Undergrad: 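One structure, as structure tokens, below. Some questions next.
On a predicted model such as this, the values are computed, not experimentally measured, just so you know.
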Amino acid sequence: MNAPDKSLSNAAVTSIEHWIGGKVVPGQSGRRADVFNPAIGAVTGRVALANQAEVAAAVASAKAAFPAWADTPPIRRARVMFKFVELLNRHRDELAHVITSEHGKVFTDSQGEVSRGIDIAEFSCGIPQLLNGNFSDQVSTGMDNWTIRQPLGVVAGITPFNFPVMVPMWMYPVAIAAGNTFVLKPSPLDPSPSLVMAQLLKEAGLPDGVFNVVQGDKDAVDALLEHPDVKAVSFVGSTAIAQKIYETGARHGKRVQALGGAKNHMVVMPDADMEQAVDALIGAAFGSAGERCMAISVGVLVGTAADRIMPMLAQRTQELKIKNGIELDAEMGPIVSTVAHQRISGYIGQGETEGAKLVVDGRKFQAAKAGAECGNGFWLGGSLFDNVTPDMKIYKEEIFGPVLGCVRVKDLAGAVELINAHEYGNGVSCFTRDGNVAREFGRRVEVGMVGINVPIPVPMAWHGFGGWKKSLFGDMHAYGEEGVRFYTKQKSIMQRWPESIGKGAEFVMPTAK
């Protein structure tokens, strides 16, 4: 494992631009936003914010590239993705460093993010098989019927700050391999990884215009949602915005896949291995500073498990190694921005006001302890609440930060009832040694992704990601075979020939042409 270059923490301020038609295109709107290194609180970049004309230029580039790319045989599209995977593996530490420098997550976590993104790219290399249709012979006298899947056209991805490499790769490798062209609108908080990926795609042999990046904010999002040439939109972010994206996109006749917020629970049964359960809760609650849509933010402590595990959780929360993410032994880095820091701190205060027991107060963490030059960074420690109740704001709402609230329930039935009553249904976990408890929990809980003794049950590349209830707007999950279906449309062909047509003998081995 290569350590990140610590000398880059004080790099000069750079201009971060768009990628249109296979090259960097400077922003023309006159609007820019600061990009920070959250660990030290310093501005490291200025990102362009696209206007409607710049979005239109990216869409036009994608539209022009679509006919030739859609006609490219799937095996040749797969070869580009194979080369892209090779390049991603070669540059994974470079990408991980860029993530850490703009997002703040620890370097090892950034490496893991890149690896999970590579999994999706590898999955997309199987596109010739994934696009297979069905064939029925002799559905009527002399008539055959078959189905094929064809690309939609120009599709767009609107992605969040918390996974600037992995979440875009939930989208564009599958979309591009299926024959679409793509416009990515990444978060302005950590925009640089998008340009690294664009350059690697070009190096892999992807034709210009097939993949484009427009940096920006709400203006760029609105322009994509309203543009008539954008046929589908994929989104990951908060539930309020996901619902708006879904409704707006659908109103403009687009196919929409909008993944929203979460309030993920982890049930700890009395028979669970408490050491393992503590490890799982600490890692899942405080990894990436809790800024994950699959973070565990609620511990559901069943019966006698509560009194046994709370002292262990308190000790481990206080002992978290909170450091600049470039330090390889860091367990938790900074919060992504001052706005997020203020929001999370406000939730902690709200929890106290509502009567939850604040066992560990992360607001007391001193930034200077995170390392050299970190005194001005966006730092919080881990916070731990006990005696949280379902009527509290810190239970009902997604905090998206390093705050773990623990709810005490009597039995498994109470735990399932609690979880099923919540408006979100993204991820959930249950720690137990009882196979029947595990089976019943998995069947009864109304959540899209379930882990049994697995704290963060993010499905592998070939299964697909998505929650239930207000965690997903749309009918298809991200990546996997559902991702292929989302980015393609089915066509049924029925055919009858009145007589055979001879074409003469051929003496060469048939090949893909």
Undergrad: Show every side-chain hydrogen bond (donor to acceptor under 3.5 Å, both in side chains) that has at least one partner inside residues 150-176, sequence neighbours left out.
TA: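 Only Gln150-Lys491 qualify under side-chain hydrogen bond (donor to acceptor under 3.5 Å, both in side chains).
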Undergrad: Answer yes or no: is there a donor N or O on one side and an acceptor on the other, between the side chain of Glu398 and the main chain of Lys263, under 3.5 Å?
TA: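 The answer is no, because no donor-acceptor pair under 3.5 Å joins these two groups.
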Undergrad: If the plane angle is over 60° it's perpendicular, under 30° parallel, otherwise tilted; pick one for Phe365 and Trp379.
TA: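 Tilted: the ring planes of Phe365 and Trp379 meet at 30° to 60°.
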Undergrad: Is the CD atom of Glu122 crowded by more than 12 outside heavy atoms at less than 6.0 Å?
TA: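 Atom CD in Glu122 is packed in, count exceeds 12.
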Undergrad: Count the heavy atoms of every other residue, nucleotide or ligand shown that sit under 6.0 Å from CD of Gln366, and state whether that count exceeds 12.
TA: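 No, not enclosed.
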Undergrad: Identify the heavy atoms of Val213 and Pro186 that sit nearest to each other, and give their distance.
TA: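 Closest approach of Val213 to Pro186: CG1-CD, 3.8 Å.
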Undergrad: Hey, could you give me the NE2/OG distance between His103 and Ser110, rounded to the nearest 0.5 Å?
TA: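 If I round to the nearest 0.5 Å, the distance is 8.0 Å.
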Undergrad: So, Asp93 and Gln111: side-chain donor and acceptor under 3.5 Å apart, yes or no?
TA: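 Yes, Gln111 and Asp93 have a side-chain donor paired with an acceptor closer than 3.5 Å.
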Undergrad: Which atom names give the shortest non-hydrogen contact between Met169 and Pro173, and what distance separates them?
TA: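 Taking every non-hydrogen atom into account, O-CD, 3.2 Å.
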Undergrad: Any ion pair linking Lys244 and Glu247 (charged N to carboxylate O, less than 4.0 Å)?
TA: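 Answer for the salt bridge query: no.
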Undergrad: Sub-3.5 Å donor-acceptor pair from the side chain of Asn376 to the main-chain atoms of Gly41, do we have one?
TA: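 Side chain of Asn376 to backbone of Gly41: no pair is present.
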Undergrad: Mind jotting down which residue pairs meet the salt bridge (charged side-chain N to carboxylate O under 4.0 Å, His left out) criterion with at least one end in residues 276-298? Sequence neighbours excluded, please.
TA: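 Listed once each, the pairs are Asp109-Arg292, Asp279-Arg316.
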Undergrad: Measure the spacing between CG of Leu380 and CD1 of Ile335 and express it to the nearest 0.5 Å.
TA: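 Going from the CG atom of Leu380 to the CD1 atom of Ile335 covers 4.5 Å.
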Undergrad: Would the distance check show the side chain of Asn51 and the main-chain N or O of Glu54 forming a donor-acceptor pair, the cut-off being under 3.5 Å?
TA: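 Pair found, side chain donor or acceptor close to backbone of Glu54.
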Undergrad: Using a strict cut-off of less than 4.0 Å between a Lys/Arg side-chain nitrogen and an Asp/Glu carboxylate oxygen, indicate whether Asp208 and Lys23 qualify as a salt bridge.
TA: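 No, Asp208 and Lys23 are not salt-bridged.
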Undergrad: Assign the ring pair Phe182 / Phe211 to parallel, tilted or perpendicular, where the plane angle (0 to 90°) is split at 30° and 60°.
TA: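 Ring orientation, 0 to 90° scale: parallel.
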Undergrad: If I take atom CD from residue Gln215 and atom OG from residue Ser15, how far apart are they, to the nearest 0.5 angstrom?
TA: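 The CD atom of Gln215 sits 11.5 Å away from the OG atom of Ser15.
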Undergrad: Does one side chain, of Thr44 or Asn37, offer a donor that lies under 3.5 Å from an acceptor on the other?
TA: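 The criterion, which ignores hydrogens and geometry beyond distance, is not satisfied for Asn37 and Thr44.
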